[in-house]
Amino acid sequence: MSDYTTDKATILVVDDMEVNRLILQEILADSYEIQQAADGLEAVTKLVTCVQKPQLVLLDIMMPEMDGFEVLRFMKTDPVLQKIPVIFITAANEETNEIRGLNAGAVDYIAKPFNPKVVRLRAATHIELMRYREKLEDLVDAKANELVATKEIFLETMANLIEYRSLESGEHVKRTRELTQLLIMELLKKQNYRQQLIDCDYSVLIKAVPLHDIGKIGIPDNILLKPGRLTPEEFAVIKTHTVIGSEIIKSLLVSGEDIYLNHCYDICRFHHERWDGNGYPSNLAGTDIPLSARIVAVVDVYDALVSERCYKRAHTHEEALTIIREASGTQFDPNIVNALLQIEDQFKRHSS
């Protein structure tokens with residue numbers, strides 16, 4: 001969040017003529033903190049390295065080695081620097097440069113020789129506009145975060161309701177999330193999946209885990225709660241929960257940029273795929289299966305094995321590990337199974 005203290009705003013003055021820098025400092029120093037750069041290279045260095053970025057840059061156009069246009073072009077490539085307003089300093093007869101500068105993204109220009117009143121007014125206007133924009137961005141971010149939190153709570157509540165409908169206590173939802181976190185923390189120590197987990201924002205992935213079985217909301221009670229073995233026809237119905245769940249998540253996706261819902265979608269749809277390609281619903285194999293779904297596949301089976309259900313007794317931790325170990329390389333990603341075996345004691349504590 002931006003800092004809106006009463007401290008003076010900082011202005012970076014960039015001009016290869018020292019006299020121009022001194023004049024602008026004299027005009028503005030009473031109201032602002034002034035930094036100086038004698039050329040474009042020094043300006044870029046200061047902009048990149050300084051922790052507290054300036055709220056305005058007064059930028060000369062004609063400078064040796066790196067002119068004002070090159071500095072502005074560089075600033076526009078950086079997500080932080082591109083938000084800093086730039087006012088070009090121009091000579092009175094440089095109308096072409098003024099137009100070119102405004103087209104390049106400068107917010108205004110100040111002509112030489114400097115009129116102190118004009119300099120102060122334009123500096124004040126653009127710093128105020130920047131602060132106002134930042135306040136709006138912070139308000140939008142706060143509201144967006146509030147909506148995201150509400151969405152996550154709503155979806156997790158739905159997941160818990162489905163567990164209750166399945167005659168579970170809701171602990172399966174809690175345990176799968178906790179076990180996934182343990183497994184991801186171990187995988188982050190390994191070179192093969194570390195960067196992929198960082199790139200996909202693994203903290204959001206963990207939040208998405210409780211939604212893995214949300215599609216069971218569409219499975220009839222006589223099948224979902226059947227105490228005995230399912231017929232092939234009934235199992236075919238159970239398998240549709242992956243598609244039902246992913247379609248529910250897809251209906252909530254307003255844009256493709258919602259990383260939380262994208263993780264929810266991948267986990268819902270693909271957590272019953274198999275490493276050897278014999279899973280469902282899409283017969284994906286190997287690394288074609290999203291990493292999030294490959295992780296949840298192992299966690300989901302482990303927790304299902306050690307939990308008592310209406311149709312089965314609970315296996316011991318050791319029995320569950322034996323089953324998972326034997327399925328490594330066929331049902332499960334071997335790297336993920338190996339990571340689980342490294343922390344099996346932590347899994348046992350969470351399942352007891």
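Numbers here simply count residues along the sequence, with the first being 1. None of the values given here were measured: they were computed from a predicted structure.
Here the side chain of E319 pairs no donor or acceptor atom with the backbone of H315 at under 3.5 angstrom. A distance-only check finds a donor-acceptor pair linking the side chain of T322 to the backbone of E318 [under 3.5 Å]. With hydrogens and angles ignored, the 3.5 Å screen pairs a side-chain donor or acceptor of D258 with a backbone N or O of L261. Of the possible donor and acceptor atoms, one in the side chain of T242 sits under 3.5 Å from a partner among the backbone N and O of K239. A donor-acceptor distance shorter than 3.5 angstrom exists from the side chain of R21 to the backbone of D15, with no hydrogens or angles considered. When atom types are taken as modelled, the side chain of Q82 and the backbone of M75 share no donor-acceptor pair closer than 3.5 angstrom. Between the side chain of H263 and the backbone N or O of K207 there is no donor-acceptor pair closer than 3.5 Å. Within the 3.5 Å criterion, the main-chain N or O of F270 finds no donor-acceptor partner in the side chain of E273. Counting only distance, with no hydrogens or angles, the side chain of D333 and the backbone of G329 share no donor-acceptor pair below 3.5 Å. At distances below 3.5 Å, at least one donor-acceptor pair connects side-chain atoms of Q55 with backbone N or O atoms of T10.
Using a 4.5 Å heavy-atom threshold, the side chains of I89 and N20 count as separate. Considering only heavy atoms from C-beta on, E26 stays 4.5 Å or farther from F114 through its side chain. Contact check for I127 versus I11: side-chain heavy atoms found under the 4.5 Å cut-off. Residues L291 and I336 meet the side-chain proximity criterion, which asks for heavy atoms closer than 4.5 Å. Looking at heavy atoms from C-beta onward, I295 lies in side-chain contact with L197 at the 4.5 angstrom threshold. Residues V337 and L340 have side chains not in contact (no heavy-atom distance under 4.5 Å, counting atoms from C-beta outward). Between L12 and K53 there is no side-chain heavy-atom pair separated by less than 4.5 Å. Inter-residue side-chain proximity for M62 and D67 is flagged as unmet; no heavy-atom pair is nearer than 4.5 Å.
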May I have the step-by-step check of side chain to side chain donor-acceptor pair (under 3.5 Å) for R194 and Q191, ending in yes or no?
CA-CA 5 Å; R194 181 188 304 142; Q191 188 63 41; 2.9 Å; yes
Decide side-chain contact (heavy atoms from CB on, under 4.5 Å) for Q35 and V13; before the verdict, give the C-alpha distance in whole Å, the side-chain angles of both, and the deciding distance to 0.1 Å.
CA-CA 6 Å; Q35 297 178 353; V13 177; over 6 Å; no
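Residues E234 and I223 come closest through the heavy atom pair O-CG2, 3.8 Å.
Taking the ring axis of F235 as reference, the NZ or CZ atom of R229 does not stay both within 45° of it and closer than 6.0 Å to the ring centre.
The pair K189-E186 meets the salt-bridge criterion, since a charged nitrogen lies less than 4.0 angstrom from a carboxylate oxygen.
The aromatic rings of H212 and H271 sit perpendicular, their planes meeting at an angle over 60°, well past the 30° parallel limit.
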